[in-house]
2 protein chains.
Amino acid sequence: MAASDEQVRAGIEAYVRLVGEGTAEEVVALFADGATVEDPVGADALSTREQLQEFYGGVCSMDRRTSMVEAKVVAGQAAFLFELVTTVGDATYTVRPIDVMTFDDDGRITSMRAFWGTDDMVAG
Amino acid sequence: MAASDEQVRAGIEAYVRLVGEGTAEEVVALFADGATVEDPVGADALSTREQLQEFYGGVCSMDRRTSMVEAKVVAGQAAFLFELVTTVGDATYTVRPIDVMTFDDDGRITSMRAFWGTDDMVAG
C-alpha cells in the first residue's frame with residue numbers, strides 16, 4: 001500500500017512550510033520511524049530520530065524562509081524544487097534543492113534525498 | 001568510481017537537447033547497457049535496448065521542443081526540471097518533468113526516473 005497522491009502532496013507542502021517556520025520537532029514528526037535522510041545526495045544517510053533531530057535543529061535555528069517552487073507527485077512519491085533563503089546579519093543565502101521523497105501508507109516520509117551542490121548556493 | 005559532476009552535467013544537457021531535437025538512436029546512445037528507464041515513476045522499468053528504442057522512438061516522432069529549467073548535479077548524480085512542449089495540429093501540450101539520473105564512470109546514464117503526473121500536463 002502506497003500513500004495517496006493527496007497524502008504525499010500534503011506531506012511535502014507541510015515539509016516545506018515547517019522547514020521554513022517550524023521547529024525541528026515538527027519537521028521530524030513528518031518522518032516515519034527508520035526514515036533515511038541523505039542531504040545532500042552523496043552524504044551518509046541519517047536514520048535515527050536523534051540524527052534527524054540534530055540535522056533539522058541546525059536548519060531550524062537559522063533565520064530563514066522557504067517556498068515551494070514546483071512539485072511533482074506520482075505513484076505515492078514526490079520530487080520537488082523548493083527555495084530556502086537564510087539570513088545571517090545583512091547577508092542572505094539562497095539555495096534551491098530538488099528533494100526526492102518516498103512515503104508510507106500513513107503519509108509519513110520514509111526517505112528523503114536532497115539534490116543540491118554548494119555551487120547552487122547564491123549569496124545576495 | 002562515479003562520473004564527475006562535469007560529465008553528469010554534460011550528460012543531462014545532451015539528454016534534454018536530444019529529447020527535443022535528436023533521433024531515438026542518439027538519445028538511447030546516452031544510456032549504458034542495462035540502464036533502466038522508469039517514466040513516469042510507478043511504471044514498469046524499461047531495461048533493454050529495444051524497449052528504450054521504442055520508448056524514445058515515440059517521443060522523437062513528435063513535433064516537439066525541450067528546454068532545461070533547473071538542474072542539480074551532486075556526487076555524480078542529477079535531478080533536473082525540464083520542459084517538453086509538443087505540438088499536435090494547432091494544439092500544444094506542455095509537461096515539466098523532474099528527472100532523476102545516475103551515471104557510470106564513463107558518463108553514461110545507468111538509470112532514469114521521471115517524476116510527472118498527467119495532472120502536470122498543460123494544454124494551451
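The chains referred to below are lettered A, B, ... by the order of the sequence lines, with proteins before strands, and numbering in each begins at 1.
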Is it possible for you to say whether [X] and [Y] belong to one hydrophobic cluster, with membership spreading through side-chain heavy-atom contacts below 4.5 Å?
| X | Y | result |
| --- | --- | --- |
| A:Leu30 | A:Phe82 | yes |
| B:Met101 | A:Val100 | no |
| B:Val59 | B:Val27 | yes |
| A:Val95 | A:Val19 | yes |
| A:Leu18 | A:Val85 | no |

ask   = For A:Val41, is it the side chain, the backbone, both, or neither that has a heavy atom closer than 4.5 Å to a heavy atom of chain B?
value =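 It is both, since atoms from each part get that close.
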key: Region of A:Ala71 in contact with chain B, defined by heavy-atom distances below 4.5 Å   =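 Answer is backbone: N, CA, C or O of A:Ala71 sit under 4.5 Å from chain B.
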Check: every donor-acceptor pair under 3.5 Å linking chain B and chain A:
unit_1	atom_1	unit_2	atom_2	d
B:Glu70	OE1	A:Arg96	NE	3.3
B:Glu70	OE1	A:Arg96	NH2	2.9
B:Glu70	OE2	A:Arg96	NE	2.7
B:Lys72	NZ	A:Arg96	O	2.7
B:Gln77	OE1	A:Arg113	NH2	3.0
B:Arg96	O	A:Lys72	NZ	2.6
B:Arg96	NE	A:Glu70	OE1	3.2
B:Arg96	NE	A:Glu70	OE2	2.7
B:Arg96	NH2	A:Glu70	OE1	2.9
B:Arg113	NH2	A:Gln77	OE1	3.0

request  = Can you measure from CZ (A:Phe31) to CG (A:Leu46) and round to the nearest 0.5 angstrom?
outcome  =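 One finds 9.5 Å between CZ of A:Phe31 and CG of A:Leu46.
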ask   = Could you state the interatomic distance from CG (B:Leu84) to CE (B:Met62), rounded to the nearest 0.5 Å?
value =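 The CG atom of B:Leu84 sits 5.5 Å away from the CE atom of B:Met62.
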task = Among A:Gly42, A:Ala79, A:Gly117, A:Ala75, single out the residue with the greatest number of heavy-atom pairs under 4.5 Å to chain B.
result =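 Highest number of pairs under 4.5 Å: A:Ala79.
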inquiry  = Taking side chain as everything from C-beta outward and backbone as N, CA, C, O, which of these in B:Ala43 sits under 4.5 Å from a heavy atom of chain A? Side chain, backbone, both or neither.
reply    =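 Nothing of B:Ala43, per the 4.5 Å heavy-atom cut-off to chain A.
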ask   = Applying the side chain to side chain contact (heavy atoms under 4.5 Å, CB included) test to A:Val37, which of A:Ile109, A:Leu52, A:Val28 qualifies?
value =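 Single pass found, and it is A:Leu52.
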